[in-house]
Structure formats: C-alpha cells, structure tokens
Amino acid sequence: MDNDYNDITKVIEIFLHGFRVGYLSYYIAEELNLNPKLCHEIKTAGYFHDVGKLLLKPEVLYKTQKLNEDERKHIELHPLYSEYIIKSYIYSDIILDGIRHHHESCDGSGYPDKLKKNDISLIARILKVADVYDALISKRIYRDVSYSSKEALEIMEGEVQKYDQIVYAALKSIIDNPKVIYIMYLFNNCFDKILKN
Ligand SMILES: [Fe+2]
C-alpha cells in the first residue's frame with residue numbers, strides 16, 4: 001500500500017485495534033476471575049497500548065516488505081512512545097506497565113526490556129495474548145490477509161512458549177462467547193467501511 005494514506009485513517013486503525021485488544025483483554029481478565037478494578041485497568045491499557053505508533057515513521061510502520069535491522073529497532077520503540085504519551089494522561093502504574101510491556105514474551109524474546117515470564121506483569125501477559133490474537137484475525141492497513149480464529153490459534157500454538165499458558169487457555173475459552181464475537185465484529189466492521197471509502 002502507498003505510504004501517503006491520511007493521518008485520520010492511521011489514528012482510527014490504531015484505536016480500533018486498541019478497542020479490540022482492550023475488550024479481549026477485559027474478557028480474559030474476567031475469565032481469570034481478576035477483581036473488577038483490575039479488569040477495567042487492563043481494558044484501558046488495551047485501548048491505548050499502540051498509540052506510540054503515531055510517532056513512528058509511516059514509511060517504516062506500513063512497509064510491506066521485510067524490515068531491516070534499523071527499521072525493526074524503530075518499530076520496537078513504539079511501546080516506549082505509548083508509555084511516554086499516556087503517562088501525561090493516566091496515572092496508574094499498572095496501566096503504564098501493561099502498555100510498556102505488551103510486546104514482552106515469556107521466553108525472553110520480546111521487547112523493549114526482554115523480560116521473562118516471572119518478571120512480566122499479569123496485565124502485560126494478558127495484553128500480549130490479546131494483541132497477537134487480534135493482529136492475526138483482523139485486517140490491517142499493511143496486511144490484507146487475516147486468519148480465522150482456528151487458524152490464529154494454530155499459529156499461536158506454534159510459538160506457545162511466548163505466552164503465559166493460563167492466559168492463553170483463558171483466551172481459548174472466551175473466543176466463542178457471543179459478546180466477544182460481537183465486539184470483534186463491531187470494530188472490524190467499522191474498519192472495513194473505512195477501507196472502502
Ligand atoms: Fe504494539
């Protein structure tokens with residue numbers, strides 16, 4: 001895709017993904033019987049986890065070819081940018097931690113701090129699972145292909161060492177829930193309409 005699509009579309013894409021990840025994370029947290037306050041903090045972190053992408057270079061963020069090392073490092077700055085932006089508005093350390101660490105992996109292969117399972121907060125482990133699942137099943141500006149729920153879970157099974165197993169099991173148990181399907185449909189449907197206009 002050309003790199004000159006308008007900034008509003010970029011913002012809407014980031015927030016629709018944020019809403020889906022926020023709701024998915026909320027329902028995972030409910031499934032894990034976390035307290036209601038924490039469930040809402042997790043949802044809020046999901047809403048804003050990728051706003052730092054607004055500070056990335058569009059030609060790198062939406063590049064469809066393989067990224068080089070410098071471009072990959074540039075993309076990996078976005079959780080730090082998200083934390084930097086949101087800390088001016090939200091004063092919850094739990095939410096800010098989730099935003100900063102939503103790309104950490106349990107096997108230590110994530111970023112920006114390369115944390116391992118026990119050092120990654122529960123909120124970040126939930127956001128990670130919800131974020132990857134949504135990225136696989138949803139259409140994005142830079143990727144036309146999207147996967148079914150079944151295909152997405154099969155892909156995630158192939159890299160299951162990256163995820164908290166209890167959180168991953170909770171994701172699998174909620175994805176067929178009608179309220180989850182509705183939320184995912186609602187925010188994907190909006191994006192479909194934007195793409196067509
Ligand atoms: Fe992200």
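Atoms within a ligand are numbered from 1 in the order they appear, just like the ligands themselves.
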What do you reckon, is CG of Asp93 surrounded by more than 12 foreign heavy atoms closer than 6.0 Å?
->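 At most 12 heavy atoms, drawn from other residues, nucleotides or ligands, come within 6.0 Å of this atom.
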With the threshold set at 4.0 Å, does a side-chain nitrogen-carboxylate oxygen contact exist between Glu41 and Lys37?
-> yes
Residues Lys162 and Glu104 bridged, charged N to O under 4.0 Å =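 No.
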Presence of N, O or S from His49 under 2.8 Å of the Fe ion (ligand 1) | no
Closer than 2.8 Å to the Fe ion (ligand 1), do we get an N, O or S atom from Asp50, backbone or side chain?
->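 Yes, within the cut-off.
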Angle subtended at the Fe ion (ligand 1) by His103 NE2 and His102 NE2, rounded to 10 degrees =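 Value, to the nearest 10 degrees: 90°.
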Mind listing the closest non-hydrogen atom pair of Leu115 and Asp119 along with its distance?
-> CD1-O, 3.6 Å
